[in-house]
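Counting starts at 1 for both ligands and their atoms, in listed order. The structure displayed is predicted, hence computed values, not measured ones.
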Amino acid sequence: MPVRVVLVVEDNEQNMELATYVLEEAGFEVRQAVDAQEARRELSRAVPDLVLMDMNLAGTDGLALVGDLRKNPAHDELPILALTAHAMRGDRERFLEGGCDGYIAKPIDVKTFVGEVEAALARGRQRRGPKP
Ligand code: MN
């Protein structure tokens, strides 16, 4: 099985280190971006298998960045999970409507983190359609 690549977009150094460590221990290749510019650069080099996107980047609304990335057809099948420290009622819907496929709450729980990433990879891109 080819090594799966996760792009972590996170401006907090400790969260970045922890996410990277846990994912690499689980056999993932991790690419890192600390801001929107780096995220765009990484995505233009190669599309990863999944993106973890901090919703509160310095100077950037992570969800707005996701919406912008979704305009590129090359990212049609790319699963994106929001990383957020402030998941409140309604946030899940807001993230999904904004182009994310789910979210992981911070602080990162090392016992469940990889499982959540694996589940998101298994589900793939969650398209929002009209309600039946
Ligand atoms: Mn942040």
Side-chain angles (χ1 to χ4, degrees):
M1 193 155 89
V3 173
R4 291 164 305 168
V5 179
V6 176
L7 172 62
V8 182
V9 186
E10 169 64 75
D11 61 1
N12 178 281
E13 198 174 330
Q14 285 179 314
N15 287 333
M16 177 65 93
E17 280 182 13
L18 183 57
T20 299
Y21 176 79
V22 174
L23 288 168
E24 285 182 347
E25 283 292 300
F28 289 91
E29 180 180 326
V30 176
R31 286 158 50 193
Q32 301 181 332
V34 300
D35 58 25
Q37 188 183 358
E38 284 191 9
R40 290 179 197 283
R41 190 189 310 141
E42 285 297 322
L43 286 165
S44 69
R45 284 176 50 212
V47 180
D49 294 292
L50 182 138
V51 174
L52 289 168
M53 178 73 74
D54 180 15
M55 290 290 98
N56 293 289
L57 291 165
T60 308
D61 175 356
L63 196 55
L65 176 58
V66 170
D68 203 42
L69 297 177
R70 287 297 187 206
K71 292 176 187 163
N72 183 341
H75 304 147
D76 264 0
E77 301 298 327
L78 173 62
I80 301 177
L81 288 183
L83 276 174
T84 180
H86 306 289
M88 292 181 291
R89 186 187 296 271
D91 271 357
R92 185 176 178 280
E93 285 301 305
R94 196 166 64 84
F95 296 153
L96 292 177
E97 296 289 349
C100 295
D101 300 296
Y103 74 88
I104 293 178
K106 292 190 281 193
I108 289 166
D109 182 342
V110 296
K111 295 189 296 297
T112 58
F113 184 66
V114 170
E116 291 179 81
V117 170
E118 292 279 9
L121 280 164
R123 286 195 309 270
R125 177 86 179 91
Q126 303 291 296
R127 284 199 173 68
R128 304 287 292 177
K131 293 200 167 63

Legend entry - Under the salt bridge (Lys or Arg N to Asp or Glu O under 4.0 Å) test, residues paired with Asp101 that sit two or more places apart: Arg70, Arg125
Legend entry - Qualifying residues under salt bridge (Lys or Arg N to Asp or Glu O under 4.0 Å), relative to Glu118, sequence neighbours excluded: Arg4
Legend entry - Hydrophobic cluster membership, Leu121 vs Val47, 4.5 Å side-chain cutoff: no
Legend entry - Distance in Å, Glu29 CD paired with Leu23 CG, rounded so as to fall on 0.5 Å steps: 11.5 Å
Legend entry - Heteroatoms of the protein, restricted to N/O/S, which lie under 2.8 Å from the Mn ion (ligand 1): Asp11 OD1, Asp54 OD2, Asn56 O
Legend entry - Pairwise salt bridge (charged side-chain N to carboxylate O under 4.0 Å, His left out) hits with a residue in residues 37-60, at least two apart: Arg31-Glu42, Arg40-Asp68, Glu42-Arg45, Asp54-Lys106
Legend entry - Distance-only polar pair, side chains of Glu24 and Thr20, donor-acceptor under 3.5 Å: no
